[in-house]
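Heads up, the thing below is written out as structure tokens.
Worth saying up front: this structure is predicted, and the values here are computed from it rather than measured.
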Amino acid sequence: MKDLTNTIPGYRVYEYLLVLNPHEELRNKIMAVKKEFYEKYQAETARWGKPHITLVNFVQYEMMEDRIVNHLKTIAMGFQPVKIELKDYGSFPSHTIYINITSKVPVQRLVKQIRTETQRLMKLNDDNKPHFIIEPHLTIARKLLPWQYEKGWLEYSHRHFTGRFIADAMLLLKRPVGELKYEIAKRFEFENLPVNTKQGELFM
């Protein structure tokens with residue numbers, strides 16, 4: 001995260017994450033993988049953080065939250081539930097190991113729509129722009145040291161994982177800047193409604 005010194009005094013700035021959440025059984029299966037990775041490679045980031053697929057992360061004044069929520073609600077109303085397929089492992093060289101998502105296209109379509117319709121609202125200032133995740137993945141461990149990454153990837157590049165879930169909603173998580181724990185700000189159900197229905201609801 002970038003410099004936050006040029007923000008407006010007296011207004012609270014939060015970090016936000018918009019995510020897709022696996023169901024509990026799959027979450028537990030992934031947590032077991034993360035725990036094992038932590039125990040083998042002492043990677044703290046594997047131990048923390050619940051399994052999720054990030055769509056966008058951003059920092060913004062809390063006073064902007066309602067406007068962002070309204071936009072996200074409208075997007076979700078018109079979006080249909082997505083089948084997410086997870087298979088084996090991938091990596092971003094030198095720092096991150098993740099579970100592959102093989103059903104990327106609908107997730108990418110969702111992220112692009114969110115970017116088109118909310119990018120302006122999510123931008124705090126020129127130093128803090130929203131980060132849209134165009135390459136969806138499910139992180140096992142990130143911010144790895146070189147030895148953790150090299151040893152870990154040597155092992156996990158040969159390991160297998162399969163899982164699937166229906167993403168029928170997206171969650172907006174928030175935390176005060178500098179704190180560890182996110183809380184749920186809002187859940188947006190994917191309702192697959194026709195667009196004109198959504199427009200009508202906006203003006204109710």
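- Criterion: ILVMFWY side-chain heavy atoms under 4.5 Å apart, direct or through other members. Under it, Leu138 and Tyr182 are not part of a common hydrophobic cluster.
- The heavy-atom pair separating Gly49 from Lys34 by the smallest distance is O-CE, 3.1 Å.
- Gln119 has its side chain within reach of Phe132: a pair of non-hydrogen atoms, C-beta onward, lies under 4.5 Å apart.
- Counting non-hydrogen atoms of neighbouring residues, nucleotides and ligands closer than 6.0 angstrom, the NZ atom of Lys186 reaches no more than 12 such neighbours.
- Here the side chains of Ser103 and Lys83 are not in contact, with every heavy-atom distance at 4.5 Å or above.
- Side-chain contact check for Ile133 versus Val111: every heavy-atom pair is 4.5 Å or farther apart.
- Using a 4.5 Å heavy-atom cutoff, the side chains of Val82 and Arg109 are not in contact.
- Contact record, Gly178 with Glu15: N-OE2, 3.7 Å, taken as the closest heavy-atom pair.
- Met31 and Lys50 get closest at one heavy-atom pair: SD-CA, 4.4 Å.
- Between Phe92 and Tyr98, the ring center distance clears the sub-6.0 Å criterion.
- Using a 3.5 Å distance cut-off with no hydrogens or angles, the side chains of Tyr14 and Glu65 do not pair a donor with an acceptor.
- The side-chain heavy atoms of Met122 and Gln60, taken from C-beta on, include no pair separated by under 4.5 Å.
- For the pair Lys151 and Glu155, the salt-bridge criterion is not met [side-chain N within less than 4.0 Å of a carboxylate O].
- A salt bridge links Glu44 with Arg47: at least one charged nitrogen is closer than 4.0 Å to a carboxylate oxygen.
- Checked for salt-bridge contact, Lys181 and Glu179 miss the test: no charged N lies under 4.0 Å from a carboxylate O.
- If you take CD1 on Ile68 and OH on Tyr16, they are separated by 6.5 Å, rounding to the nearest 0.5 Å.
- Proximity of a side-chain donor or acceptor of Gln108 to a complementary backbone N or O of Ile134 within less than 3.5 Å is detected.
- Cation-pi geometry between Lys29 and Phe161 is met: the NZ or CZ atom falls under 6.0 Å from the ring centre, inside 45° of the normal.
- In summary, the aromatic rings of Phe188 and Phe79 are positioned with their centroids too far apart to meet the 6.0 Å limit.
- Residues Leu124 and Tyr61 form a side-chain contact, since some pair of their non-hydrogen atoms from C-beta on lies under 4.5 Å apart.
- Contact annotation: the side chain of Ile99 approaches that of Ile140 to within less than 4.5 Å [non-hydrogen atoms, C-beta and beyond].
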